[in-house]
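First the proteins, then the strands, lettered A, B, ... as listed; each starts at 1.
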Amino acid sequence: MSKANTVIVLDFETTGLSPDYGDRAIEIGAVRIKNGKVVDRFQELMNPGRRIDSFIEDYTGITNSMLKDAPPCKDVMKQFADFIDGYNLVAHNASFDKRFLDAELKKISRNYSGKFVCSMLLARRIYQDAPNHQLGTLVNYANIPSAGKFHRALYDSEMTSKLWLAMLKDIRQEYDIKSIPFTLTQKITKTPKKNVHKFLQQW
DNA sequence: TGCCAGGCCCTCTTTAGGGCCTT
């Protein structure tokens, strides 16, 4: 089965900002997109082995009582390692999610071979006039209907996947590009913002 | 138990500082 035309859009909810200072994942959500369509989903809460503070409870709506009976991180991450195996990956502010993915998989001696592209870095280049580049703002800016609650893993990954597809569509239309391989999205996010328009015109 | 980041990007830049974005 070819994995080249498929990406997985993922989002972590966590106990804080830095796995290097002991923060852990508490929820993972992801959607698998093949040829522009959602073909699979993944969502699991996971017990980080300690209580989460009230800021995280308020921010995510995930409570200590919800996590009490959730499976431990190692069990969920094992399943998730299988889910993402071999696929390229997308996340909004991917450097954040990559740090947690790397840290949680390291704890269970698992790895992954896919490459990350950041939807925020793409949006900063494609939607340069957006008021800001937070996920919720960009969803509105791209006229994507949204009714659920942001800051839950599956919902945010669904919204990120819709934003991702909207950006690819806008690039195709504006620059008359027939298809956009993952490698092109990598190149766009590594192109300086001021050069992106010229880069895509010449593609 | 608590300590709490880091990469990108702009500019009054590069011998630096600060805002943005993620939880």
Side-chain angles (χ1 to χ4, degrees), chain A residues 7-31 42-67 70 73 76-77 80 84 89-107 115-142 144 146 148-164 166-167 185-199:
Chain A
V7 296
I8 288 178
V9 184
L10 64 92
D11 181 67
F12 277 104
E13 304 306 315
T14 70
T15 64
L17 292 173
S18 177
D20 291 341
Y21 284 80
D23 285 319
R24 299 295 304 271
I26 59 173
E27 188 181 43
I28 178 68
V31 297
F42 188 102
Q43 180 181 37
E44 288 289 342
L45 290 169
M46 54 190 125
N47 188 331
R50 58 185 165 89
R51 291 181 64 80
I52 57 173
D53 64 36
S54 58
F55 173 81
I56 297 297
E57 285 191 320
D58 293 343
Y59 187 78
T60 64
I62 298 168
T63 63
N64 280 293
S65 65
M66 290 164 69
L67 294 176
C73 295
V76 173
M77 292 309 300
F80 192 63
I84 65 173
L89 305 168
V90 170
H92 200 67
N93 198 10
S95 68
F96 174 86
D97 293 280
K98 182 177 187 300
R99 281 202 300 279
F100 278 94
L101 181 65
D102 291 352
E104 292 294 345
L105 291 185
K106 188 178 180 184
K107 288 178 189 294
K115 301 297 180 192
F116 265 100
V117 164
C118 176
S119 58
M120 185 188 74
L121 295 184
L122 190 64
R124 282 180 175 170
R125 287 159 176 76
I126 302 305
Y127 295 151
Q128 296 194 17
D129 295 334
N132 61 55
H133 296 87
Q134 296 171 21
L135 178 59
T137 303
L138 290 165
V139 164
N140 285 331
Y141 184 80
I144 297 165
S146 64
K149 187 183 182 310
F150 282 98
H151 308 307
R152 284 300 298 269
L154 182 59
Y155 188 77
D156 281 7
S157 61
E158 297 260 15
M159 289 298 112
T160 302
S161 72
K162 289 180 181 184
L163 173 65
W164 180 255
M167 289 193 288
T185 64
Q186 287 177 302
K187 284 174 183 161
I188 296 170
T189 59
K190 288 173 183 171
T191 300
K193 206 168 134 180
K194 60 180 167 52
N195 299 339
V196 162
H197 183 61
K198 193 173 182 181
F199 171 79

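Counting to the nearest Å, the C1' atom of dT23(B) and the CG atom of Leu10(A) are 14 Å from each other. Between the NE2 atom of His133(A) and the C1' atom of dG19(B) there is a distance of 14 Å, given to the nearest Å. For Phe55(A) and dT22(B), the CZ to P distance is 12 Å, given to the nearest whole Å. Here the C1' atom of nucleotide dC20(B) and the CD atom of Gln134(A) are 9 Å apart, to the nearest Å. If you measure from atom CG of Asp156(A) to atom P of dT22(B), you get 9 Å, rounded to the nearest angstrom.
Here, dG18(B) and dC12(B) have their C1' atoms 12 Å apart, quoted to the whole Å. Atom P of dG2(B) sits at a distance of 31 Å from the matching atom of dC21(B), rounded to the whole Å. On the C1' atoms, dC20(B) is 25 Å away from dC3(B), given to the nearest whole Å. Taking the P atoms as reference points, dC8(B) lies 35 Å from dT1(B), given to the whole Å. Nucleotides dC9(B) and dT14(B) have their C1' atoms positioned 14 Å apart, rounded to a whole Å. Annotation: dT13(B) and dG17(B) have their C1' atoms spaced 9 Å apart (nearest Å).
For the pair His151(A) and dT23(B), the criterion of a side-chain N or O lying under 4.0 Å from OP1 or OP2 is met.
With sequence neighbours excluded, no residue forms a side-chain hydrogen bond (donor to acceptor under 3.5 Å, both in side chains) with Gln128(A).
Here Asp102(A) pairs with Lys98(A) in a salt bridge; the nearest charged N to carboxylate O distance falls below 4.0 Å.
Side chain of His133(A) to main chain of Tyr127(A): a donor-acceptor pair is present (N/O by atom type, distance under 3.5 Å, no hydrogens or angles). Judged by distance alone, the side chain of Glu57(A) and the main-chain N or O of Asn64(A) form a donor-acceptor pair under 3.5 Å. Remark: side-chain polar atoms of Asp97(A) are not paired, donor with acceptor, to backbone N or O of Asp11(A) under 3.5 angstrom. Remark: the backbone N or O of Ile188(A) is paired with a side-chain donor or acceptor of Arg125(A) at under 3.5 angstrom. Judged by distance alone, the side chain of Glu104(A) and the main-chain N or O of Ala25(A) form a donor-acceptor pair under 3.5 Å.
Using a 4.0 Å heavy-atom cutoff across all strands shown, Thr15(A) reaches no nucleic acid atom at all.
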Worksheet item: Tell me, for nucleotides 2-11 of chain B in 5' to 3' order, what letter each nucleotide earns: B for a base near a protein heavy atom under 4.0 Å, S for only sugar-phosphate near one, - for neither?
Response: -BBBB-SSS-

